[in-house]
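Data first, discussion second: the structure below is written as structure tokens.
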Amino acid sequence: MRALLILLVVGLVGVSRGQEDVDERDVIDLTPSNFDQTIAKYPNILVEFYAPWCGHCKQLKPHYAKAATKLKKEHPEVALAKVDADAHKELGTKFGVRGFPTLKWFVNGEPTDYEGGRTDDAIVTWIKKRMGPAAVQLNETSHLDDFKNKAEVVVVGFLNSKEGDAWKEFEKVAKKMDDVEFGVSHEKSVHEHAKQKGGDVVLYKKFSGDAEHEAVVYSGAMNAADIESWIGIHQLPFVVEFSAATSGKIFGSPIKSQVLLFCDVGSSSCEEAIKTFKENAKANYGKIIAVLVRNENDNVLNYFGVDKEETPCVFIAKSPSPGEKGMSKYKGPTKDTLTKDGELAKFLSSYLNGELKPHRKSEKLPANVVDEHGVTTLVGANFDEIVMDPSKDVLVEFYAPWCGHCKQLAPIYDKLGKEFQDIDSVVIAKMDATANDPPSNIDVQGFPTIKFFKATDKTSMDYNGDRTVKGFRKFIKQNAGTNFELKKKGKKKAAEKEL
Ligand SMILES: *[C@@H]1O[C@H](CO)[C@@H](O)[C@H](O)[C@H]1NC(C)=O
């Protein structure tokens with residue numbers, strides 16, 4: 001999920017203001033010593049995890065301070081706080097902070113991502129919405145009818161009482177889910193008008209093209225987590241079009257599998273494909289999310305290694321299960337087979353039955369897998385064979401063609417390759433991880449990521465040492481599962497010129 005979301009993250013900050021004095025008197029400074037107490041003290045608190053050197057944090061600073069001051073007047077029960085997560089890395093790690101700034105909204109100590117805007121007004125509006133009533137009170141039948149038309153998806157609690165556990169759980173969900181409108185009615189007349197029993201929770205949806213509202217009645221236990229998960233599943237139409245606005249719902253859904261149709265919308269082959277896709281989406285609703293990806297989404301196409309010429313085609317994306325790091329991809333029917341009778345249905349049922357092997361994006365093997373520097377090129381197709389060979393110690397650099405640090409490393413890496421060229425049991429290898437997928441249990445977060453796969457048991461280790469020939473050499477010697485002797489010849493000279 002992350003990877004795909006990161007592709008979409010757009011710079012949200014406008015023109016930088018000068019760093020004139022920012023009056024931060026209403027922003028609470030958090031450190032490990034006061035963090036827990038402060039979070040416990042305020043049932044509603046927004047926390048910014050920042051780093052002093054981060055440009056977007058500097059831009060947010062005056063807005064954040066202003067928002068804190070404005071809110072203090074209207075909602076003194078709400079607090080805005082910040083924590084230097086560079087100085088206090090443990091706090092950032094605890095809350096899964098990956099980039100700066102990250103804002104988290106804590107309700108009764110429970111964090112959720114802040115997804116509002118980054119101006120003072122946007123922050124204030126977002127918080128005010130959370131401090132108001134969580135659900136609109138529907139007192140009359142007309143209120144319900146109007147409310148159903150307020151958005152494509154609304155959720156109504158036909159609750160017997162304005163107190164008690166059912167209401168508390170319902171309110172919790174209503175407060176938490178930002179993108180769904182919630183209503184509540186305690187009136188018998190409204191319940192009867194809706195043909196619902198007291199105690200029912202109903203999701204009404206009507207997407208463009210639908211003739212009328214569809215009502216889905218919740219049948220699980222009355223607890224917030226289950227209701228939220230149920231809404232997460234049912235709030236989506238049979239086919240969702242992928243966009244910045246829908247990606248949160250798609251990848252935040254409790255359903256962790258998505259079937260994607262890549263398509264040149266408007267072309268006749270695409271219209272045909274969409275028809276087949278919809279039928280299958282309907283038949284598998286609730287098990288897998290069906291997503292239409294227009295060919296204009298180059299980032300997403302590249303991520304799956306889809307060539308526009310090959311569309312319409314289908315892939316499944318599966319978010320990582322425990323023990324896996326990356327998203328798994330499954331390659332489905334392509335333009336020649338997609339609309340053939342039963343092809344897509346067969347693919348989906350094989351996937352859902354766990355019968356499919358993930359597909360790994362791969363470039364073609366180069367003519368010389370080992371280049372003139374003795375560095376081995378890995379692609380999706382030869383990765384396992386080379387890296388998982390138990391008789392070899394393998395150092396792998398995962399790089400991106402555009403990455404500056406990777407370019408800096410290249411001559412050093414070539415030198416290292418030369419040095420180990422004659423050692424059969426040690427392989428110095430590299431993989432363009434933007435064009436090839438490593439196995440899903442390998443975590444490649446940034447570039448370059450350098451890992452060592454030890455001979456015999458193939459445990460993998462991260463290399464975080466100096467990016468010098470000397471550093472690599474020492475690490476390999478220390479950790480190798482094989483014995484080898486590097487040539488001594490010309491050692492002194494090489495050492496003098498060492499990069
Ligand atoms: C229903 O009544 C409550 C309490 O009088 C009021 O606050 C609320 O705005 C009413 N709902 C609507 C939709 O008018």
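In this chain, residues are counted from 1 in sequence order. These numbers come from the heavy atoms of this one structure, side chains and all, not from hydrogens, waters or symmetry mates. Order of appearance sets the numbers: ligands from 1, and atoms from 1 within every ligand. For clarity, every value in this text was computed on a predicted model and none was experimentally measured.
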Using a cut-off of under 3.5 Å, which N/O atoms of ligand 1 pair up with protein N/O atoms, and what distance separates each pair?
from: ligand 1; atom 1: 2 (O); to: N139; atom 2: OD1; distance (Å): 3.1
from: ligand 1; atom 1: 2 (O); to: N139; atom 2: ND2; distance (Å): 2.4
from: ligand 1; atom 1: 11 (N); to: Q137; atom 2: O; distance (Å): 2.8
from: ligand 1; atom 1: 11 (N); to: N139; atom 2: ND2; distance (Å): 3.0

Exercise for review: Could you tell me which residues satisfy side chain to side chain contact (heavy atoms under 4.5 Å, CB included) with A151, sequence neighbours excluded, listed by chain and number?
Suggested key: V154, E181
Check your understanding: Does F315 have K329 sitting over its ring (NZ/CZ under 6.0 Å from centre, angle to axis within 45°)?
Key -> no
Point to revise | All pairs passing disulfide (SG to SG under 2.5 Å) where residues 79-168 contributes a residue, at least two apart | key: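 Listed once each, the pairs would be none.
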Exercise for review: Any pair with a residue in residues 35-112 that passes disulfide (SG to SG under 2.5 Å), sequence neighbours left out, goes on the list, sorted by first then second residue, please.
Suggested key: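 Non-adjacent pairs meeting disulfide (SG to SG under 2.5 Å): C54-C57.
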Point to revise | Residue pair Y50, F100: steps toward the ring-ring contact (aromatic ring centres under 6.0 Å, His included) verdict | key: CA-CA 5 Å; Y50 73 99; F100 300 117; 8.0 Å; no
Check your understanding: Should we say atom CD of E77 is surrounded by more than 12 heavy atoms from elsewhere, each under 6.0 Å from it?
Key -> yes
